[in-house]
A.B. asks: 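Dropping a structure here in structure tokens format, bear with me for questions.
Please read these numbers as outputs of a predicted model, since none were measured by experiment. Numbers here simply count residues along the sequence, with the first being 1.
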Amino acid sequence: MRRLRGLLCSAIIFMSMYIFSRSPMYADYSQWSEARVERARMANVDIKSQVTPLRLLPTLDEMKSVFRHDDGDSAPPDEETEPMPIIGGTILPTTIEGGLKIKNQTSYQTDIGKLLKNGTDITLAADKMQILIIHTHSSEAYTQSGADLYEPSDINRTEDTKYNIVRVGDELEQVFRAAGLNVIHDRNIYDYPSYTGSYNRSGQAIEKYLTEYPDIQIVLDIHRDSLGENGIIYKTVAEENGKCSSQVMLLVGTDESGLEHDSWQSNLSLAMYLQNAVSGAHPTLMRPVLLVPQRYNQHLAPGALIVEVGSDGNTLQEALYAARLFGEAAAPALLALVK
């Protein structure tokens, strides 16, 4: 009976491999690879790394780790919808060419040269609170790896702040404090158990902090991005100092969605100011600055940004390294704003 069961399992595996090998997706690997690159190009993803080997059957951990989360939802914050998961995906490493670039999803015209020349008008008070770090989607987590294993509250999400995006905020806070910046880090969960209304809840928290600490000029909403489609998850990769890191992206909202947002140009100036500082120190770390129609609570402060650290294909350790690199390069630029 045991031998019969083994033969049956072998037959099922063989038939699965045969069916996949006869499918159009696997009939010609080079054709599939070209199609993958074209899809990435259309999505403004520049694939520079080698494709990881494809496996016919994903592991259980891979099934749990693949999740589609899109901070670029066109719906206003009070109409957020829970992202849909990608089932059975393959994680592919990719480096998205960044530097001093803006990926502009609005109709507004931007002049990068002028933005860099003018810098930022933001000033930070020397003996006052200067920066707020918060996480609207606090339960966002990374692909489980090594010792970084957690009890998921959903796919690639956990309320355990030792393993979710809050841990990345801890890292950035430590780097900023060590450099001499005055920082508050809000470690509360705003997207669980209800994802809908996350921005409303975090926005209320930001307003309370700004009332209590009116000298705060910079609000950094730290997120974990998601990149992928058609069963493929892109893992952002930067190699800095001979070590693998995730990439980082600054997202700037505007008033093009129809919501009032008078300070978006100030936010964009700060984003390019930091982009310039970090890219100079770590050429592969930063993705292009993303300019979008939605405001994402960024109307609340003159220096409010979303900071996307890695994607759901990255590990926590890669994200932590990225946060350290970003913080160490951004801190001197921020200290230069202290008056």
A.B. asks: Establish, from distance only, whether the side-chain atoms of D221 and H223 form a donor-acceptor pair under 3.5 Å.
C.D. replies: yes

A.B. asks: Less than 6.0 Å separating the ring centroids of F176 and H185?
C.D. replies: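 No, too far apart.
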
A.B. asks: Rounded at 0.5 Å granularity, tell me how far CD1 in I131 sits from CG in L334.
C.D. replies: 5.0 Å

A.B. asks: Could you tell me whether R324 and E328 have a side-chain N and a carboxylate O separated by less than 4.0 Å?
C.D. replies: no

A.B. asks: Determine whether L92 and K235 satisfy the following criterion, side chain to side chain contact (heavy atoms under 4.5 Å, CB included), listing intermediate values before the conclusion.
C.D. replies: CA-CA 6 Å; L92 299 177; K235 162 184 171 173; over 6 Å; no

A.B. asks: Could you report the tightest heavy-atom contact between Q130 and A125, atom names first, then the distance?
C.D. replies: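 Minimum heavy-atom separation between Q130 and A125: NE2-O, 2.8 Å.
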
A.B. asks: Can you confirm whether or not the ring centre of H282 sits under 6.0 Å from the ring centre of F326?
C.D. replies: no

A.B. asks: side-chain hydrogen bond (donor to acceptor under 3.5 Å, both in side chains), that's the test. Do T136 and S202 meet it? Break it down for me.
C.D. replies: CA-CA 5 Å; T136 294; S202 65; 2.8 Å; yes

A.B. asks: In Å, rounded to the nearest 0.5 Å, how long is the span from CG of L259 to CD of Q298?
C.D. replies: 12.5 Å

A.B. asks: Can we say R295 and E256 salt-bridge, meaning some charged N sits less than 4.0 Å from an Asp/Glu carboxylate O?
C.D. replies: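 Between E256 and R295 there is no salt bridge, as every charged N stays at least 4.0 Å from the carboxylate O atoms.
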
A.B. asks: So does D170 pair up with R187, basic N to acidic O under 4.0 Å?
C.D. replies: yes

A.B. asks: So, the side chain of R201 versus the backbone of T196: is there a donor-acceptor pair under 3.5 Å, distance only?
C.D. replies: yes

A.B. asks: Is the backbone N or O of K114 less than 3.5 Å from a side-chain atom of D111, with the two atoms forming a donor-acceptor pair by type?
C.D. replies: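 Yes, because the side chain of D111 sits within donor-acceptor range (under 3.5 Å) of the backbone of K114.
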
A.B. asks: Find the distance between CG (L116) and OG1 (T120) and round it off to the nearest 0.5 Å.
C.D. replies: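 Reported to 0.5 Å precision, the distance equals 12.0 Å.
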
A.B. asks: Looking at Y321, does the NZ or CZ of K243 lie under 6.0 angstrom from its six-membered ring centre and within 45 degrees of the ring axis?
C.D. replies: yes

A.B. asks: Are any side-chain N or O atoms of E140 and backbone N or O atoms of R224, one a donor and one an acceptor, separated by less than 3.5 Å?
C.D. replies: yes

A.B. asks: V309 and A319: which non-hydrogen atoms are nearest, and at how many Å?
C.D. replies: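 It is CG1-O, 3.5 Å.
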
A.B. asks: Using a strict 4.0 Å threshold on nitrogen-to-oxygen distance, state whether D191 and R157 make a salt bridge.
C.D. replies: yes

A.B. asks: Between D148 and Q317, is any side-chain donor less than 3.5 angstrom from a side-chain acceptor?
C.D. replies: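 Distance-only check passes for D148 and Q317.
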
A.B. asks: Which atoms form the tightest heavy-atom contact between E159 and S153, and what is the distance?
C.D. replies: N-OG, 3.9 Å

A.B. asks: Would you say D215's side chain and K128's backbone share a donor-acceptor pair under 3.5 angstrom?
C.D. replies: no

A.B. asks: A side-chain contact here means heavy atoms from C-beta on lying under 4.5 Å apart; do I133 and V307 qualify?
C.D. replies: no

A.B. asks: Roughly how far, to the nearest 0.5 Å, is CD1 of I155 from CG of D312?
C.D. replies: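 Between atom CG of D312 and atom CD1 of I155 there are 10.5 Å.
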
A.B. asks: Please name the pair of heavy atoms, one in A271 and one in L305, separated by the smallest distance, quoted to 0.1 Å.
C.D. replies: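 Shortest heavy-atom contact: CB-CD2, 3.8 Å.
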
A.B. asks: How many angstroms lie between atom CG of L325 and atom CG of N241, to the nearest 0.5 angstrom?
C.D. replies: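 Here the interatomic distance stands at 6.5 Å.
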
A.B. asks: Looking at S246 and A238, what are the two nearest heavy atoms and their distance?
C.D. replies: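 Closest approach of S246 to A238, heavy atoms only: O-CB, 4.0 Å.
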
A.B. asks: Do the rings of H261 and H299 sit parallel, tilted or perpendicular, given the 30° and 60° boundaries?
C.D. replies: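 Perpendicular: the ring planes of H261 and H299 meet at over 60°.
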
